[in-house]
Amino acid sequence: MALYSEKVMDHFTNPRNVGKLDDADGIGEVGNARCGDIMKIYIKVKDGIITDVKFNTFGCGSAIASSSMATEMIKGKPISEALTLTNKAVAEALDGLPAHKMHCSVLAEEAIRAAIKDYYDKNGIEYDPAEFPAPDEDEEIHE
């Protein structure tokens with residue numbers, strides 16, 4: 001069995017939604033101190049819908065593929081739905097990740113949550129802090 005699925009390889013070699021939104025409504029940046037991966041997600045929101053999303057990721061192929069897949073999964077969706085996206089769903093959509101690369105899908109989930117939290121903060125929107133748990137101790141979040 002190959003280490004990476006065809007979907008992982010496709011999203012790594014042909015990533016979707018790469019770039020930066022200069023007029024982003026929310027920006028989330030997360031990093032994993034252990035592996036050195038850094039993800040930055042930009043979201044544009046209109047009427048509670050994520051109308052556009054872009055990412056910049058510095059990291060391994062699994063990190064890039066996870067970022068690409070996660071952005072595809074939330075684009076055009078309500079914020080409430082984007083908040084339910086889990087790292088497991090990202091990994092499943094990629095037809096799996098090796099166990100030692102699952103942290104990449106966790107970073108994608110955390111980057112999306114950080115971008116949504118930034119959007120809420122910038123717009124004075126109240127939220128339940130429990131929806132935005134602190135990262136694991138071996139990870140760093142930059143806002």
(request) Please lay out, stage by stage, how Phe55 and Met39 fare under the test side-chain contact (heavy atoms from CB on, under 4.5 Å). (result) CA-CA 7 Å; Phe55 79 90; Met39 270 181 210; 5.9 Å; no

(message) Ignoring hydrogens, what is the shortest heavy-atom contact between Glu109 and Asn87? Give both atom names and the distance.
(response) OE1-N, 2.7 Å

(request) Provide the closest heavy-atom pair for Pro15 versus Thr13 in the form atom of the first, atom of the second, distance. (result) CD-C, 3.4 Å

(request) Would you please name every residue forming a side chain to side chain donor-acceptor pair (under 3.5 Å) with Lys122, sequence neighbours left out? (result) Asp118

(request) Compare all side-chain heavy atoms of Phe132 with those of Tyr120 and state whether any distance is below 4.5 angstrom. (result) yes

(message) If the condition is ring-ring contact (aromatic ring centres under 6.0 Å, His included), which residues does Phe58 pass it with, not counting sequence neighbours?
(response) none

Anything under 3.5 Å between a donor and an acceptor, one on a side chain of residues 67-79, the other on a protein residue two or more places apart or in another chain? List them.
unit_1	atom_1	unit_2	atom_2	d
Ser67	OG	Thr57	OG1	2.7
Ser67	OG	Ala63	O	2.9
Ser68	OG	His11	ND1	2.6
Ser68	OG	Arg16	N	2.9
Thr71	OG1	Asn17	ND2	2.9
Thr71	OG1	Ser67	O	3.3
Thr71	OG1	Ser68	O	2.8
Glu72	OE2	Asn17	ND2	2.9
Lys75	NZ	Asn17	OD1	3.2

Distance-only donor-acceptor hits, side chain of residues 40-51, under 3.5 Å, sequence neighbours excluded:
unit_1	atom_1	unit_2	atom_2	d
Lys44	NZ	Asp23	O	3.0
Thr51	OG1	Lys44	O	3.3

(request) Apply side-chain contact (heavy atoms from CB on, under 4.5 Å) to the pair Leu83 and Arg113, showing each step before the final yes or no. (result) CA-CA 6 Å; Leu83 278 171; Arg113 287 184 170 277; 3.6 Å; yes

(message) Before you tell me yes or no, could you show the steps for Cys104 and Asp37 under side-chain contact (heavy atoms from CB on, under 4.5 Å), namely the whole-Å CA-CA distance, both residues' side-chain angles and the distance that decides it to 0.1 Å?
(response) CA-CA 8 Å; Cys104 296; Asp37 293 326; 3.6 Å; yes

Side-chain polar contacts of residues 89-102 - donor-acceptor pairs under 3.5 angstrom, sequence neighbours left out - could you list them?
none

(message) Restricting to side chain to side chain contact (heavy atoms under 4.5 Å, CB included), what partner residues turn up for Asp22, sequence neighbours left out?
(response) Lys20

